[in-house]
Amino acid sequence: MSEQLVYLLIAVGLLVCAGLGVFIFRQYRGIETAKAEQAEKLREIEQKAQEQRDYLIQSIHVIANAMIHDEKMTLTEGSIRLNVLLDNLSPQLKQEPDISVISTVYEQTKHIPYLKAWQELDKQEKWRYTQEMKKIEKAHKDELLKAAEILSSYPFEKHFH
C-alpha cells in the first residue's frame, strides 16, 4: 500500500471520528435539553397539584367552619360538600371513626335533588325532602358538629406538603 493511500485513510478516519464526535455532542445536548424541559414540566405539574390541594384544604376548613358557625350552611349541605372534597383530597380520612358520619349522611341524602333539580320540585316535594334532611341532621347533629370541628382545624398540610 502506498504512503499516500495510508495518509488518505488516516484523514478519512479522522473525519469520520470528528463527524461522530459532533453527532454525539449534538445528541448529548438534545438529551440534556429534553431533561431540563421534562424537569420544568414536572415542577409545573407539582405546583398545580399543590395549588389544587391547597384549594381543597381551604375549602374543607371553610365549609367545616360554616357548618359550626353559619346557620345558612345546613349540616346536610355541609356533609355533601365535605364528602366530595374529601373524596378528592383524602378518601381514607372519611373512614376515620370521628369523620365517617359525613359519608353516612351523604349516603342517606344523595338521592335528594339539588341546584336546578331542587328548584324544579313542587312545594310538597321540597317540604318532604326538607323534613327528611331535618330528621337525618337531628339524628347525627352531635357527630356532624364533632367531625366539622375536627376538619375545621385538621392539619392537612402535614400530610400533603
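Because the structure is predicted, anything quoted here is derived from the model rather than measured.
- Counting only heavy atoms from C-beta outward, the side chains of Val105 and Ile80 never approach each other to under 4.5 Å.
- Using a 4.5 Å cut-off on side-chain heavy atoms (C-beta onward), Glu132 and Trp127 make no contact.
- Taking hydrophobic clusters as Ile, Leu, Val, Met, Phe, Trp and Tyr residues chained together by side-chain heavy-atom distances below 4.5 Å, Leu89 shares a cluster with Leu151.
- Contact annotation: the side chain of Glu107 approaches that of Lys110 to within less than 4.5 Å [non-hydrogen atoms, C-beta and beyond].
- Listed for the Ser90 side chain is no donor-acceptor partner under 3.5 Å among the backbone atoms of Leu86.
- Taken together through direct or relayed side-chain contacts under 4.5 Å among Ile, Leu, Val, Met, Phe, Trp and Tyr, Met73 and Val84 form parts of separate hydrophobic clusters.
- With a 6.0 Å radius and a threshold of 12 heavy atoms from other residues, nucleotides or ligands, Lys94 has its NZ atom above the threshold.
- Trp118 CH2: more than 12 foreign heavy atoms inside a 6.0 Å radius.
- Annotation: the span from Leu56 atom CG to Gln52 atom CD amounts to 4.5 Å, rounded to 0.5 Å.
- Contacts of Ser2 classified as side chain to side chain contact (heavy atoms under 4.5 Å, CB included), with partners at least two apart in sequence or in another chain: Gln4, Leu5.
- Atoms CD and OH, from Glu125 and Tyr129 in turn, are 6.5 Å apart once rounded to the nearest 0.5 Å.
- In the model, Asp54 has a side-chain atom that pairs as donor or acceptor with a side-chain atom of Gln50 under 3.5 Å.
- In the displayed structure, Gln124 atom CD is contacted under 6.0 Å by at most 12 heavy atoms of other residues, nucleotides or ligands.
- Within the 4.5 Å cutoff, the side chain of Glu51 has no heavy atoms near those of the Tyr55 side chain.
- Under the 4.5 Å side-chain heavy-atom criterion for Ile, Leu, Val, Met, Phe, Trp and Tyr, Ile112 and Met67 are members of distinct hydrophobic clusters.
- Leu15 contributes atom CG, which lies 12.0 Å from atom CD1 of Ile10 (distance to the nearest 0.5 angstrom).
- Expressed to the nearest 0.5 Å, how far NZ of Lys126 lies from CD of Glu120 amounts to 10.0 Å.
- The neighbour count for Gln58 CD, taken as heavy atoms of other residues, nucleotides or ligands under 6.0 Å away, does not exceed 12.
- When hydrophobic clusters are built by joining Ile, Leu, Val, Met, Phe, Trp and Tyr residues whose side-chain heavy atoms come closer than 4.5 Å, directly or via intermediates, Leu20 is grouped together with Val12.
- Between Ile102 and Ala147 the shortest heavy-atom distance is CD1-CB, 4.0 Å.
- Considering Arg81, Met133, Lys134, Gln108 in turn, Met133 is the only one that fulfils the side-chain contact (heavy atoms from CB on, under 4.5 Å) rule with Thr76.
- Enclosure of atom CD in Gln131 by more than 12 non-hydrogen atoms of other residues, nucleotides or ligands within 6.0 angstrom is indicated.
- Both Val6 and Leu9 belong to a single network of hydrophobic side chains, linked directly or stepwise wherever heavy atoms of I, L, V, M, F, W or Y lie under 4.5 Å apart.
- Exactly one of Asn83, Ile136, Thr104, Leu75 qualifies for a side-chain contact (heavy atoms from CB on, under 4.5 Å) with Thr109. That residue is Ile136.
- Here the CG atom belonging to Leu145 is positioned 7.0 Å from the CD1 atom belonging to Ile68, to the nearest 0.5 angstrom.
- Atom CD1 of Ile60 is separated from atom CG of Leu85 by 5.0 Å, given to the nearest 0.5 angstrom.
- For the pair Glu96 (side chain) and Leu93 (backbone), a donor-acceptor distance under 3.5 Å is absent.
- Two rings, from His61 and Tyr154, have their centers 6.0 Å or more apart.
- Residues Glu137 and Ser79 are not in side-chain contact: their nearest non-hydrogen atoms beyond the backbone lie 4.5 Å or more apart.
- Counting heavy atoms of neighbouring residues, nucleotides and ligands inside a 6.0 Å radius, atom CD of Gln38 does not exceed 12 of them.
- Heavy-atom minimum distance, Ser152 versus Ala64: N-CB, 3.6 Å.
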